[in-house]
Amino acid sequence: MNKIVKNAEEAIIGVSNGMTLMLGGFGLCGIPENSLKALAESGIKDLVCISNNAGIDDFGLGVLLRDRQLKKMIASYVGENKEFERQFLSGELEVELNPQGTLAERIRAGGAGIPAFFVPAGYGTEVAQGKEVREFNGKMHLLETALTADFAFVKAKYGDYSGNLIYNNTANNFNNMMASAGKITIAEVEELVPTGELDPNQIHTPGIFVQRIFKGTGYEKRIEFETVR
Amino acid sequence: MNKIVKNAEEAIIGVSNGMTLMLGGFGLCGIPENSLKALAESGIKDLVCISNNAGIDDFGLGVLLRDRQLKKMIASYVGENKEFERQFLSGELEVELNPQGTLAERIRAGGAGIPAFFVPAGYGTEVAQGKEVREFNGKMHLLETALTADFAFVKAKYGDYSGNLIYNNTANNFNNMMASAGKITIAEVEELVPTGELDPNQIHTPGIFVQRIFKGTGYEKRIEFETVR
Amino acid sequence: MALDKNGIAQRIAQELKDGYYVNLGIGIPTLVANYIPDGMEVTLQSENGLLGIGPFPEKGKADPDLINAGKQTVTATSGASFFDSALSFAMIRGGHIDLTVLGAFEVSEKGDIASWKIPGKLVKGMGGAMDLVASAKNIIVATTHTNRKGESKLLRKCTLPLTGVACVKRIVTDLAVLDIVEEGFKLIERAPGVTVEEIKNATEGFLFIDGDIPEMNI
Amino acid sequence: MALDKNGIAQRIAQELKDGYYVNLGIGIPTLVANYIPDGMEVTLQSENGLLGIGPFPEKGKADPDLINAGKQTVTATSGASFFDSALSFAMIRGGHIDLTVLGAFEVSEKGDIASWKIPGKLVKGMGGAMDLVASAKNIIVATTHTNRKGESKLLRKCTLPLTGVACVKRIVTDLAVLDIVEEGFKLIERAPGVTVEEIKNATEGFLFIDGDIPEMNI
């Protein structure tokens, strides 16, 4: 069973108009740069994108946004992006904002076969609109539902031929859960090693969650706010 | 802030009659041997124990059972233990059996502040008795609630002074979730190293979940079914 | 002639496909691992936290920290990964396991399964069986067609406490391969030398026979 | 005299205790890290997946794979750990964080907080703020007492969309330290040289004054 594909162009085969995609990363940290570029070049449109953020104007998810490939965004924080603002205010882009922890948990639930769960976040706010409210231990909670995607795109530091993944530092973020929640999960990695080279006790994402894997190239790894001492 | 305690006797200070405890391990693999011994010697009774299994007659949780220290067990599989059978059938011991994945998820939920969630396991069986049933995506699910404990006892291969833990092979099992679900979590480790010696990308249980840690001694690591080629 | 345990396992192994992730229960299902075709990549999951079960260890090399869900000492394959029980059941509940093979006391013609409890006998607990049957994409039951008293295990309705409802897809017994379809147990294959009549006599639930029934190819 | 941002941060740092795990929001809260008393062990959590935020990196040493929740490059302390966002919010939602410090547009006398959205202005999203306020054991708001127009931010009722209800425990402003109690904002301390009268005038919600109000000790 070969999971290895040559590059991002081959990896995105099957992605089509109107599909729901998950895209890992927090800000520009740990985003699947190669896959995002291939999606931008593909011209595929009407996409529903689940991603914590929306990239910046000329990089990451921002490029798909600029080229009007997105129909809807499910995210928690979408600042840092002027084109996003314009499309959102003009109504071109549908946006569903989630508390960040709720978003993370909804994705984990999608991967773990849990259709719904209760959390306290958002009770009494506009996030609660239309949601079932229930009290547990004297505290009000909202019923939140699972998220899954047709394709999930994740980025890891190391991957092996079996699809096992290891992330680096805070570049893990949403990638690990998203890998489990895609019907088809595509992993791009900085280093692709033969099966058996990664320590089985150190795997963050077991290969069962990954259907396609490739070695990415030309990582820019842009920094949004370089802050030094 | 010193989390290090000298030994299991010091670690269990505060555990008292009637408390709810979580005990890591699957079968005899990854059980907190030192803590279990100290609990057995303490004579503390009327305990509610959450543990996937119940040990064997003369080792692990089986010793607490033999000495009538348990009031109730919450578990998924309790074979391999004759005294358990006797107390269960005579009504001395209250037993709540959970599907194993539901048990694991209830403990994770307890640590993650999720009071309740839906799962398909057990629908249409006696496990469903008294539980809310709801359909999602054409499939019936049960509402299950979170589990927490006054004290959680876990065992890891490596630990550092800050409470960061790394498990070995299949000795992780229930330990990782239980560490997050104890009001006070006590970790015993085979090797206790100074803070900074463990790779931050390889930590299974971040130190925030661990309140007390000690180096265990005299590990027997009994094997239930030694099977060879 | 009725198959022995190994024969049942051998027939079930024909259901495997390259790239499959499989969870094998205790008993006959475990034997399926011995019949994975050469060159086929099948990854075995153990619900106590291992993806990539290898062969049993060599004598003297058993690692107490490396067991399967039956608490037997095992090894891990190259490419294996270890994880906690929550992630292990996330794999199972999330539908990431391609095939689950498990034993049963009884199966009903609706696909219900009873496999964990016999009233009056010692309750050992359901372990991971309820999670597995409630969520696996494809569930095959490996069992003898009748119990020791000669009574059918393929029933109209289960009499024992259920493990799951309407979940079994296929049953491989010592006598036959059967699928659960709307009508009941659909006979797919006969064990070598076993007649349709013999299978009919051993099946209490409704046996649906459509055309000629071929012999298993084992 | 009213405190500056650093003064507010310095006062909040007095709330820290040895062994605390703390989440600091963007803005004034981030400055609290500069005032952790020597010898006190306080671990800072960043909700993007880091326990143990260290100082900003030296020039030229910024690692794009190592940022905080404000997307600034940071370092990790000795003893730090990295994890995914689900586990990060498990820490937060599960009540494992001892103290959360965050900014606010408005706080009500019931402890409601508005901090993420101003109708008519660009919506950036709530990020992790709703999760943090809904679950932290102890929440301190760091804010100026009034906004740029001189209007009180401590109100009877919030006018902006809420981030959470009845969750704030303490507020540290440029003028005062106040606790949320049944009666409303209870005045605990005054900034050096600031009178009770000045605080009263700057507080729209009910200000509860019980006895003599000491000056902050900073």
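Chain letters run A, B, ... following the sequence lines, proteins first and then strands; every chain starts at 1. Because the structure is a prediction, the values reported are computed rather than measured.
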May I ask you to test the [X]-[Y] pair for a side-chain heavy-atom distance under 4.5 Å?
X      : Y      : answer
A:L103 : A:L147 : yes
D:V74  : D:F56  : yes
D:L66  : D:L50  : yes
D:F83  : D:L51  : yes
A:L23  : A:I31  : no

Quick one: list whatever passes side chain to side chain contact (heavy atoms under 4.5 Å, CB included) with [X], sequence neighbours left out.
X      : result
A:A116 : A:L143, A:T145, B:F118, B:F136
A:A187 : A:V154, A:L165, A:V210, A:I213
A:A75  : A:M73, A:V78

Present all donor-acceptor pairs from chain A to chain D with distances below 3.5 Å, rounded to 0.1 Å.
unit_1, atom_1, unit_2, atom_2, d
A:S76, O, D:M126, N, 3.2
A:S76, O, D:G127, N, 2.9
A:V78, N, D:K124, O, 2.5
A:E80, OE1, D:K71, NZ, 3.1
A:Q100, N, D:G127, O, 2.8
A:Q100, N, D:D131, OD2, 3.0
A:G101, N, D:D131, OD1, 3.1
A:G101, N, D:D131, OD2, 3.0
A:G101, O, D:R93, NH2, 3.1
A:T102, N, D:D131, OD1, 3.1
A:E126, OE1, D:K117, NZ, 3.2
A:E126, OE2, D:K117, NZ, 2.6
A:K139, NZ, D:A134, O, 2.6
A:N168, ND2, D:D65, OD2, 2.8
A:N169, ND2, D:D63, OD2, 3.0
A:T170, N, D:D65, O, 2.9
A:T170, OG1, D:D65, O, 2.9
A:T170, OG1, D:I67, N, 3.0
A:N173, O, D:S85, N, 3.0
A:N173, O, D:S85, OG, 3.4
A:N176, ND2, D:D84, OD2, 2.7
A:K221, NZ, D:D65, OD2, 2.8
A:F225, O, D:T73, N, 3.2
A:T227, N, D:T73, OG1, 2.8
A:T227, O, D:T73, OG1, 2.8
A:R229, N, D:P57, O, 2.8
A:R229, NE, D:F56, O, 2.7
A:R229, NH2, D:F56, O, 3.4

Interface residue of largest heavy-atom contact number with chain A, from [options], under 4.5 Å:
options                       : result
D:G125, D:C167, D:G49, D:A114 : D:G125
D:G128, D:P57, D:P161         : D:P57
D:P64, D:A69, D:A166          : D:P64

Open item on the list: Counting heavy-atom pairs closer than 4.5 Å to chain D, which one of A:A54, A:C29, A:P120, A:P99 comes out on top?
Closed with: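 Among A:A54, A:C29, A:P120, A:P99, the one with the most close pairs to chain D is A:P99.
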Task: Part of D:I92 within contact of chain A (heavy atom distance under 4.5 Å) - done: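 Contact with chain A is absent: no heavy atom of D:I92 under 4.5 Å.
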Task: Contacting moiety of D:V123, where chain A heavy atoms sit under 4.5 Å - done: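 The answer is both parts of D:V123.
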TODO: Please round to the nearest 0.5 Å and tell me the distance separating atom CG of A:L39 and atom CG of A:N34.
DONE: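 Between atom CG of A:L39 and atom CG of A:N34 there are 11.0 Å.
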